[in-house]
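Notes follow once the structure below has been shown.
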There are 2 protein chains.
Amino acid sequence: MEICKFCSKRSAAAEHLGNDELEKLGGSCVEVNFKKGDIIFKQKALSSNILYVREGLVKIHMTGPEREQILKIAKGPSYLGIPTTLGDKVNNYSATAITDTKVCFIDINVFKEFIATNKEFAYEIIVNLCKNELSHFQRCVNQLQKQSPGRIAETLLFFADEIFGSDVFDLPLSRHEFGDITGNSRENVSRILSDLDKEGIVKIKGKNISIVDKNKLLSISKNG
Amino acid sequence: MEICKFCSKRSAAAEHLGNDELEKLGGSCVEVNFKKGDIIFKQKALSSNILYVREGLVKIHMTGPEREQILKIAKGPSYLGIPTTLGDKVNNYSATAITDTKVCFIDINVFKEFIATNKEFAYEIIVNLCKNELSHFQRCVNQLQKQSPGRIAETLLFFADEIFGSDVFDLPLSRHEFGDITGNSRENVSRILSDLDKEGIVKIKGKNISIVDKNKLLSISKNG
DNA sequence: TCCGGAATGTGATTTATATCACATTCCTTT
DNA sequence: AAAGGAATGTGATATAAATCACATTCCGGA
């Protein structure tokens with residue numbers, strides 16, 4: 001019951017909940033651990049709970065007409081897949097842990113009740129949905145228009161700046177998955193990464209990436 | 001004051017408003033006419049009102065790194081750009097009328113007030129945002145993975161089924177704009193459309209399109 | 001520690017699509 | 001009706017990126 005009351009990673013929306021509400025949330029909320037590679041929910045399955053990633057990285061991906069597409073990387077703490085839970089009975093996409101992950105499963109009726117009874121909570125959820133849509137639009141246009149090196153540079157910068165907050169990190173994806181997120185074949189990912197390495201823009205040692213010349217990488221992300 | 005009370009094209013959300021609320025909405029709402037080609041709002045401008053398309057077709061488009069990208073076609077009656085109004089101070093994209101259009105400009109504070117005080121209204125807005133995001137995800141993956149003929153076939157079917165409800169229609173876009181929505185060069189659009197014509201799948205007379213063999217068009221949309 | 005399968009790197013080839021170049025048609029304006 | 005500019009069609013060429021083919025490296029389990 002007290003799990004949410006004393007949670008240090010509450011969402012902006014949950015910050016508007018009172019003590020009674022937090023206890024209610026705690027009572028209808030289960031935390032589950034997932035290991036790297038575990039499926040959290042699957043496309044086409046019934047969507048049943050509101051999910052909240054407390055810790056870890058999750059890829060949101062769907063089966064497209066040609067291959068698997070990673071739509072986004074969610075980093076805890078953040079809600080996971082509200083649109084597919086509230087917008088359809090069935091999941092429109094899958095979520096898979098790409099690091100060890102702690103996920104809270106929240107009863108959808110309790111969540112809906114908070115939307116109905118707590119206006120700040122509801123508004124915060126709306127703003128959250130809006131911001132997600134905006135960033136998704138942006139990402140979509142970039143993916144559609146940039147060519148391969150630009151998309152790969154953009155994604156490297158995304159991991160450095162948004163996910164790890166460091167220019168040195170271990171990529172939590174295989175080359176194949178990195179292709180799924182940047183819309184490239186596995187081979188092309190390898191080629192472009194080793195080109196970037198040869199030009200001294202990044203240093204690649206397997207999954208370990210160090211950004212050496214960030215300005216050049218930014219310029220590739222923007223212009224090519 | 002009575003404009004919303006007796007409006008025949010209210011949104012699902014507004015159907016949950018009471019008479020008092022509808023009068024309030026009417027008092028803070030202005031209907032504006034736009035002609036084909038008129039800009040309704042512009043990327044980078046301050047986002048100030050909630051917009052509702054009563055009648056007409058609107059393209060939502062943004063300037064990408066390489067060219068203009070049409071993100072979606074909104075058909076009245078529907079809200080327009082809630083994410084960019086609530087999610088950012090500044091518009092992340094532009095909206096331009098592609099037919100003559102009637103748009104209601106709703107005071108954002110009145111809109112927020114309804115979210116706060118009318119739970120059905122708020123929930124309806126949330127569901128609306130969720131559904132939009134889902135369909136956008138779907139569209140994005142299709143655009144990313146299908147090749148040109150598939151994207152063009154898909155978009156023709158979209159206009160026939162979602163916009164006009166008829167297999168014969170006048171495309172309200174130039175070949176160039178049709179390229180912006182399908183991610184093709186103007187020349188490629190011409191080529192693929194005339195290929196489809198030669199194969200007897202659609203009949204093209206300038207902007208007038210007749211779908212002749214819908215099954216074949218569906219199969220092109222799905223498989224390539 | 002060795003084995004075997006998975007993941008990765010890299011060259012050669014093919015293919016889809018953009019770009020270039022130009023002809024033609026369609027509108028608008030006078 | 002004529003003229004001029006915009007929109008469109010179509011062939012030739014260039015190019016980015018997928019695919020194919022194979023070598024190499026990595027890694028987990030016996």
Side-chain angles (χ1 to χ4, degrees), chain A residues 35-37 59 64-70 96 98 141-156 170-199 202-209 220-221 223-224, chain B residues 35-37 59 64-70 98 142-156 170-199 202-209 220-221 223-224:
Chain A
K35 276 184 299 189
K36 185 183 166 80
K59 66 171 177 177
E66 294 290 322
R67 79 193 91 91
E68 200 64 14
Q69 179 77 40
I70 299 180
T96 304
I98 57 175
V141 171
N142 286 338
Q143 292 283 326
L144 283 168
Q145 296 192 1
K146 286 182 187 173
Q147 45 199 49
S148 291
R151 301 199 299 269
I152 285 179
E154 181 189 351
T155 306
L156 291 176
D170 287 319
L171 197 66
L173 301 172
S174 69
R175 294 293 188 265
H176 190 92
E177 288 175 302
F178 201 70
D180 289 343
I181 198 175
T182 59
N184 281 289
S185 66
R186 167 192 85 62
E187 295 95 323
N188 234 21
V189 170
S190 286
R191 244 186 291 269
I192 291 168
L193 286 179
S194 61
D195 285 354
L196 289 172
D197 186 297
K198 274 177 212 148
E199 293 168 55
V202 296
K203 201 144 58 92
I204 314 268
K205 271 187 296 206
K207 306 226 188 242
N208 184 264
I209 313 261
I220 291 171
S221 167
N223 311 312
Chain B
K35 276 184 298 188
K36 186 183 166 79
K59 65 171 176 178
E66 294 291 322
R67 78 192 93 88
E68 200 65 15
Q69 179 77 40
I70 298 180
I98 59 174
N142 286 338
Q143 291 284 328
L144 284 168
Q145 296 192 2
K146 287 182 187 174
Q147 47 199 50
S148 291
R151 300 199 301 269
I152 284 178
E154 181 189 352
T155 307
L156 291 175
D170 286 320
L171 196 67
L173 300 172
S174 70
R175 294 294 188 264
H176 190 93
E177 287 175 302
F178 200 70
D180 289 341
I181 198 174
T182 60
N184 281 289
S185 65
R186 169 191 85 63
E187 295 95 322
N188 234 22
V189 171
S190 286
R191 245 185 292 268
I192 291 168
L193 286 179
S194 60
D195 285 354
L196 289 173
D197 186 296
K198 274 175 211 149
E199 293 166 55
V202 295
K203 201 145 58 93
I204 314 268
K205 269 185 297 203
K207 306 226 188 240
N208 184 263
I209 313 262
I220 291 172
S221 167
N223 309 314

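Small disclaimer: the values here were computed from a predicted structure and weren't measured. Order of the sequence lines sets the chain letters (A, B, ...), proteins ahead of strands, with each chain counted from 1.
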Output one line per pair: protein atom, nucleotide atom from nucleotides 13-18 of chain D, and distance, for all N/O pairs under 3.5 Å.
residue: D/dA17; atom: OP1; partner: A/Ser148; partner atom: N; Å: 2.7
residue: D/dA17; atom: O5'; partner: A/Ser148; partner atom: OG; Å: 3.3
residue: D/dA18; atom: OP1; partner: A/Gly183; partner atom: O; Å: 3.4
residue: D/dA18; atom: OP2; partner: A/Ser185; partner atom: OG; Å: 3.3
residue: D/dA18; atom: OP2; partner: A/Asn188; partner atom: ND2; Å: 2.7

Practice task
With heavy atoms under 4.0 Å as the rule, sort A/Ser194 into base, sugar-phosphate or nothing.
Solution key: sugar-phosphate

Problem - Within residues 172-188 of chain B or reaching into it, pairs that qualify as salt bridge (Lys or Arg N to Asp or Glu O under 4.0 Å) - sequence neighbours excluded - result: B/Lys59-B/Glu177

Is there a side-chain contact between [X] and [Y] (heavy atoms, below 4.5 Å)?
X: A/Asn184; Y: A/Phe178; answer: no
X: A/Pro65; Y: B/Asn142; answer: yes
X: B/Lys207; Y: B/Ser174; answer: yes

Closest non-hydrogen atom pair between [X] and [Y], with its separation:
X: A/Gly183; Y: A/Arg151; result: O-NH2, 2.9 Å
X: A/Gly37; Y: A/Thr96; result: O-CG2, 3.5 Å
X: A/Gln143; Y: A/Thr155; result: NE2-OG1, 4.4 Å

Quiz: residues 189-198 of chain B side-chain donor-acceptor pairs under 3.5 angstrom, not counting sequence neighbours:
residue: B/Ser194; atom: OG; partner: B/Ser190; partner atom: O; Å: 3.2
residue: B/Ser194; atom: OG; partner: B/Arg191; partner atom: O; Å: 3.1
residue: B/Asp197; atom: OD2; partner: B/Ile204; partner atom: N; Å: 2.8

Handout entry: Outermost DNA chain C nucleotides near chain B [under 4.0 Å, heavy atoms]
Key = C/dA16 to C/dC20

Exercise for the section: State which residues pass side-chain contact (heavy atoms from CB on, under 4.5 Å) with A/Gln69; sequence neighbours excluded, sorted by chain then number. Expected result: A/Arg67, A/Leu71, B/Val141, B/Leu144, B/Gln145

Exercise for the section: For the helix from C/dT1-D/dA30 to C/dT30-D/dA1, figure out the bend between the end axes, five pairs an end, and round to 10 degrees. Expected result: 50°

